[in-house]
Peer 1: 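Before I ask anything, here is the structure I am working with.
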Amino acid sequence: MTRKTAREIAVELCFAAAANTIDTAELIDSFFEEEHYASLAGENELFAEKPDKKQLAYIRSLTALSREKAAELDETIERYARGWKAPRISRTARAILRIALCEILYMDDIPAAVAINEAVELDKKYDEAETVAFVNGVLGGFMRGEMGAQAQAVEESAPEELPEEPQA
């Protein structure tokens with residue numbers, strides 16, 4: 001299973017977690033029960049292969065983070081949702097945005113550009129072009145706003161380089 005597939009499964013679980021009051025760990029455990037997962041594989045090729053331990057840990061982490069940080073992530077989404085009111089954002093787009101923001105903010109091994117590109121490509125499978133552009137715009141605005149400010153602060157706090165001494 002590729003990370004792309006694991007990410008899409010995490011989006012599916014994020015979507016399901018938002019609609020349920022069940023504990024995230026319990027939701028994931030029941031989702032990956034042999035019989036349940038096998039029934040999903042018969043309906044959708046996304047579930048053709050079961051994740052290994054590393055992929056399952058990645059899926060669990062993303063799903064748990066997206067639920068644990070949902071209010072913070074939704075606030076960020078709404079801050080950069082230019083021209084879109086919260087009810088207009090599809091549940092699928094919201095799940096994709098939550099997962100992408102979790103990858104950018106909390107997953108050190110995933111470059112932000114990869115998280116954004118994967119989110120946009122994934123949303124193309126589920127939403128219309130206008131929503132895909134919205135997802136791209138929110139994530140781009142976030143990078144320019146939040147992450148750009150962080151990068152600038154780090155750059156400004158770095159000590160200036162001393163000029164080289166002339167050679168004798």
Side-chain angles (χ1 to χ4, degrees), residues 1-77 79-80 89-127 131-151 154:
M1 173 181 291
T2 65
R3 183 171 279 207
K4 183 178 205 152
T5 301
R7 180 181 290 108
E8 188 169 356
I9 291 171
V11 167
E12 295 271 342
L13 285 164
C14 178
F15 184 90
N20 286 294
T21 57
I22 189 171
D23 176 65
T24 304
E26 197 176 323
L27 174 71
I28 292 169
D29 289 344
S30 66
F31 187 84
F32 287 106
E33 283 179 353
E34 288 296 325
E35 192 174 312
H36 181 257
Y37 201 80
S39 73
L40 294 174
E43 298 172 16
N44 187 333
E45 69 180 47
L46 175 67
F47 306 108
E49 185 181 345
K50 203 161 181 190
D52 63 23
K53 286 182 181 185
K54 184 178 179 181
Q55 294 157 341
L56 187 55
Y58 169 76
I59 292 167
R60 281 183 185 281
S61 179
L62 274 179
T63 305
L65 278 169
S66 71
R67 189 158 194 185
E68 177 185 316
K69 306 282 187 180
E72 173 187 324
L73 296 169
D74 288 349
E75 194 270 345
T76 300
I77 292 166
R79 184 174 39 237
Y80 291 99
I89 304 169
S90 73
R91 287 182 30 201
T92 304
R94 186 174 299 278
I96 290 170
L97 284 164
R98 283 179 178 174
I99 293 297
L101 288 169
C102 282
E103 287 182 321
I104 293 166
L105 292 168
Y106 309 114
M107 308 288 265
D108 295 334
D109 63 331
I110 301 169
V114 171
I116 293 169
N117 185 59
E118 291 294 326
V120 169
E121 290 304 312
L122 185 56
D123 198 47
K124 287 178 181 178
K125 290 176 69 174
Y126 295 99
D127 284 318
T131 305
V132 174
F134 166 75
V135 166
N136 190 41
V138 168
L139 294 171
F142 172 77
M143 291 305 295
R144 286 185 299 279
E146 308 286 322
M147 301 309 282
Q150 277 185 350
V154 168

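These numbers come from the heavy atoms of this one structure, side chains and all, not from hydrogens, waters or symmetry mates. From a predicted model like this one, the values you see are computed outputs, not experimental measurements.
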Peer 1: So, for Tyr58 and Ala6, which heavy atoms are closest and what is the spacing to 0.1 Å?
Peer 2: CD2-CB, 3.7 Å
Peer 1: Over all heavy atoms of both residues, which pair between Pro51 and Phe32 is shortest? Give the atoms and the distance, please.
Peer 2: CG-CE2, 3.5 Å
Peer 1: Which value, rounded to the nearest 0.5 Å, describes the distance between Thr92 atom OG1 and Leu97 atom CG?
Peer 2: 11.0 Å
Peer 1: With no hydrogens and no angle check, just 3.5 Å: does a side-chain donor-acceptor pair link Thr5 and Thr2?
Peer 2: yes
Peer 1: Does Glu75 offer a backbone N or O that forms a donor-acceptor pair with the side chain of Arg79 under 3.5 Å?
Peer 2: no
Peer 1: Roughly how far, to the nearest 0.5 Å, is the CG atom of Leu62 from the CZ atom of Arg7?
Peer 2: 7.5 Å
Peer 1: Just by distance, do the side chain of Glu8 and the backbone of Leu46 share a donor-acceptor pair under 3.5 Å?
Peer 2: no
Peer 1: Nearest 0.5 Å, please: how far is CD in Glu118 from CG in Leu139?
Peer 2: 12.0 Å
Peer 1: So, for Leu27 and Leu13, which heavy atoms are closest and what is the spacing to 0.1 Å?
Peer 2: CD2-O, 3.9 Å
Peer 1: Looking at CD1 of Ile22 and CD1 of Ile28, how far apart are the two atoms once the value is rounded to the nearest 0.5 Å?
Peer 2: 10.5 Å
Peer 1: Identify the two heavy atoms, one from Leu73 and one from Cys102, that lie closest to each other, and give their separation to 0.1 Å.
Peer 2: CD1-SG, 3.6 Å
Peer 1: Rounded at 0.5 Å granularity, tell me how far CG in Leu56 sits from CZ in Phe31.
Peer 2: 10.5 Å
Peer 1: Can you tell me how far the CG atom of Leu65 sits from the CE atom of Met107, to the nearest 0.5 Å?
Peer 2: 7.0 Å
Peer 1: Indicate the atoms forming the closest heavy-atom contact of Cys14 with Thr63, along with that distance.
Peer 2: N-CG2, 4.3 Å
Peer 1: In a check of side-chain contact (heavy atoms from CB on, under 4.5 Å) between Ile89 and each of Asp74, Ile77, Thr131, which one passes?
Peer 2: Ile77
Peer 1: Looking at Lys4 and Glu121, does any basic side-chain N land under 4.0 Å from a carboxylate oxygen?
Peer 2: no
Peer 1: Report the residues that fulfil side chain to side chain donor-acceptor pair (under 3.5 Å) with Glu12, sequence neighbours left out, ordered by chain and then residue number.
Peer 2: Tyr126
Peer 1: For Ala19 and Arg91, which heavy atoms make the closest approach, and how far apart are they?
Peer 2: CB-NH2, 3.4 Å
Peer 1: Can you run down the side-chain hydrogen bond (donor to acceptor under 3.5 Å, both in side chains) pairs that involve residues 27-48, sequence neighbours left out, and say none if there aren't any?
Peer 2: Asp29-Arg60, Glu34-Lys50
Peer 1: Donor-acceptor pair, Glu49 side chain versus Met1 backbone, under 3.5 Å?
Peer 2: yes
Peer 1: Is any side-chain heavy atom of Ile104 less than 4.5 Å from a side-chain heavy atom of Ile116?
Peer 2: yes
Peer 1: The test is side chain to side chain contact (heavy atoms under 4.5 Å, CB included); show your working for Arg3 and Val114 and say whether it passes.
Peer 2: CA-CA 11 Å; Arg3 183 171 279 207; Val114 171; over 6 Å; no
